[in-house]
Structures are given as C-alpha cells and as structure tokens.
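A quick write-up on the structure given underneath.
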Amino acid sequence: MSCSVDLKAYAVDELPKNERGVVEDHVRGCQSCREELDRLNLTHSALSLLEDEEIPRRIAFVSDRVFEPRWWQTMWRSGPAMGFASSALLAGAILAHGFARPVAPATMATAQVDAAQIEQRVEAQVNSRLNSRVDVAVAKAVNEVQAKQAAELAQVVRAAEVQRKADLATIQQAANYYEKQIHRFEVASNEGPIQ
Amino acid sequence: MIFREVEDRDLIAKASRGHVDAYNVLVSRWEKRVFNYLLRLVRQREDALDLSQDVFLKAYQNLKKLDDPAKFPAWLFRIAHNEAYSLLRKKHPEAEMTVEPRMAESSGGLFPIESTLAVRSALERLSDDQREAVVLKVYQGFKFEEMAEILSCPVSTVKSRLYTALDLLKEALAPINTGGAPINMGGVE
C-alpha cells in the first residue's frame, strides 16, 4: 500500500483529532485504504471478544504493627547510606590506628605500674572483705555451738535431778523397811523365844 | 474519569504514608486489570495470580519512589511487566504452555464460541513482545508513550511490535471478520 496515512494508529485511537480528520477524508476517496481500515476495525472487534476474567482471589494486605518500622528504624532509614559509610570510615580509622601506631615503652611502663597498683588495691579490698566475712561466719558458728551445748547441759542437769529424787525416794523406802524390821525384831525379843 | 484519577491520587498519597487500608482500596481498583494483563502474558492462572500479588507487594514497598501519582498505572504495569518477564525467562524452556480454554467465557451470542477460541489461539501464536503490545493497547488502553514507559523501549519499537502483531492477527482472524469458516491459523507465522 503506497498511501502515507497511518491507518493502524487511527484504528487503535492514537491519532489526534485533526489527523483523524485527514485519515477519514483520505479513506473516503481510497478504496484499498477503506478496505484495510475495515479489516483493522473488524480485527479490533474480534480481539474484544476476549473479556477480562474475574480474579480468582482478591488481593489484600494486612497491617501488622510487628512489621512496621520503629521510630529509630525510620530515623536510620532516612540516611542509612551516609550513616553506615561514616561508621565504617570511623571503624576503619580506629582499626588502622590501632595497628599502625607504635607503642611507647614509657607508656607501657606507666601502664604496668598502674596495673600493679590497681591489682594491689583490689587484692587488699578483697582480703579485707573476705576476712570480715570469715569473722562473722566463725562467730555465728561458735554461738550456735555454744547455744547447743548449753541446751544439752541443761537437759542433762534436769535428768540428773530427776534421777537423784528417784534415788532418794528409793533410799527412804528402804530405810522405812529396815526400821520396821528392826522394830519387829525388838518386839519379838521382848516377848521371849518362839515356841 | 477525572474523579477516579483524583481519588487514586489521594489513595496513593495515603498509602505511601503507611495506610494499608487505602492501599487495599487502590488494589481492589487495579487487581483485575493487572491480573488479566499478566494472564495474557504468562497464560497460567495460578502464575498470574501469584505474580499479581507480588506486583502489588512490590508496588506498596516502592510507592514512595513514585514521583507523579498520575503515572501510577504505567508505573504499576511496568512492575507487572518486569515480574512477568522474570517468570517467562525462568520458564522459557517450557514455553509451550497449555492453555485451558474456558468455554463459559464466550461473548454471548454475537459471535460463536469458536471465534473466542480463535482469537485466543491467534494471540498465543504471537511472540511475547507482540502479544504484550496488543494487550497493553487493545485490552488495557494505554497510549504509545505509556507503553514505551512500561516496556522501557522507544515509542517506535512499541509501534513496530503492535503494527506487526495487528497484521498477523488481521490475517489470522480474517475468516471471523468475513464471517467464514473457522480460521486456518497456519497463516499467522
């Protein structure tokens, strides 16, 4: 087809109003273009036979506060690249400084002295606290033992007193018995020999 | 249509501030179109549905990056296009996918059911690019400039794909157009 009009653009409604008029004028006088446009329109109509399907399941999203960003996350996300970059830079600088910096001997000596003093102080503190705790624990144990011994002694004394009273009662009974017997012998001797 | 656009704009603004309910309303307006676009590209309902969900999730996550809410349709379909082609690339070895015709979907009296099947079959014979151009133009009503945005290609490429597809479809559907016997699809390729 040698005609220069864009029939397909016309058929799919892509032409502005003025250009549509040009095409319509041309088609009126050009049979081949008219037939071609008819075929395009029929093709368009045939394509529209396919209707849209309903979606099988509705799509919906649920608001879940668990997954919502916290305030600090929001702040962080506002400039994370810059923040991360600066942190990484700082960390790298510290690391490089730690590896590259020579250690001064005087500083080391001072540090060792400081460490020794601190160690002594800590040790003294620990010993002091340990001793006081031991003293308290010992005193408590002694008190407990003494109290227990006193209780046992009191119990023994009470038992001895009971026993003593029981013995006295037995002795008294025996004395009474012998006194009665003596009295009986005396009566018998006064009355003469037994016949 | 103007009111619809304004409302979409409001919903987009609200949704980008984290209002999920506003976003759900927006989804309900666009899900059918996105689903059908994806269905005509990937030709599997489950895939189209899964992709639709992915598309709307990605859209929600990136809504703040949308500079002009008026461009939301093209932006949304751009995401859908990327998702669909990602899947098509994965599935390319099994490109001969089966499409189960749904007999209940005939247009209802004006054309015989064979016509619907013929149209479906003719569309399937097109290349992915050509079919997508037809879907975006004929079924989704996008303009060439919007299609170029969605497909990330020049308008000239869009027109070339669409015009080639229309020529092929015109030949393939000629028996329908002239009211003849069921079409001979051999002429499409």
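We name chains A, B, ... by the order of the sequence lines, and we start the count at 1 in each one.
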- [ ] Applying side chain to side chain donor-acceptor pair (under 3.5 Å), name anything that partners B:Asp50, two or more places apart in sequence or on another chain.
- [x]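 Testing B:Asp50 for side chain to side chain donor-acceptor pair (under 3.5 Å), a comparison that skips the adjacent residues, returns none.
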TODO: Determine the option with the most heavy-atom pairs under 4.5 angstrom with chain A, choosing from B:Val34, B:Leu57, B:Leu162.
DONE: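 Looking at each of B:Val34, B:Leu57, B:Leu162 in turn, B:Leu57 comes out on top.
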TODO: Look at B:Tyr37, B:Phe56, B:Tyr60 and state which one has the largest set of heavy-atom pairs under 4.5 Å with chain A.
DONE: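 Highest number of heavy-atom pairs under 4.5 Å: B:Phe56.
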Task: Side chain, backbone, both or neither of A:Asp6 within contact of chain B (heavy atoms, under 4.5 Å) - done: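 For A:Asp6, side-chain heavy atoms alone lie under 4.5 Å from chain B.
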Task: chain B contact via A:Ala9 - which portion, at a heavy-atom distance below 4.5 Å - done: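 Contact with chain B: backbone and side chain both.
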Testing the 3.5 Å rule here: is there a donor-acceptor pair between the side chains of [X] and [Y]?
{"X": "A:Arg34", "Y": "A:Gln31", "answer": "no"}
{"X": "B:Asp8", "Y": "B:Trp30", "answer": "yes"}
{"X": "B:Tyr85", "Y": "B:Asp129", "answer": "yes"}

- [ ] With a 4.5 angstrom heavy-atom cut-off, could you sort out which part of B:Lys143 is near chain A: side chain, backbone, both or neither?
- [x]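 Both parts, heavy atoms under 4.5 Å.
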Open item on the list: Is B:Tyr163 close to chain A through its backbone or its side chain, or both, or neither, when contacts mean heavy atoms under 4.5 Å?
Closed with: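 It is both, since atoms from each part get that close.
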Task: Matching residue for A:Asp52 among B:Arg33, B:Arg40, B:Gln140 - test: side-chain hydrogen bond (donor to acceptor under 3.5 Å, both in side chains) - done: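 Output: one option passes, namely B:Arg40.
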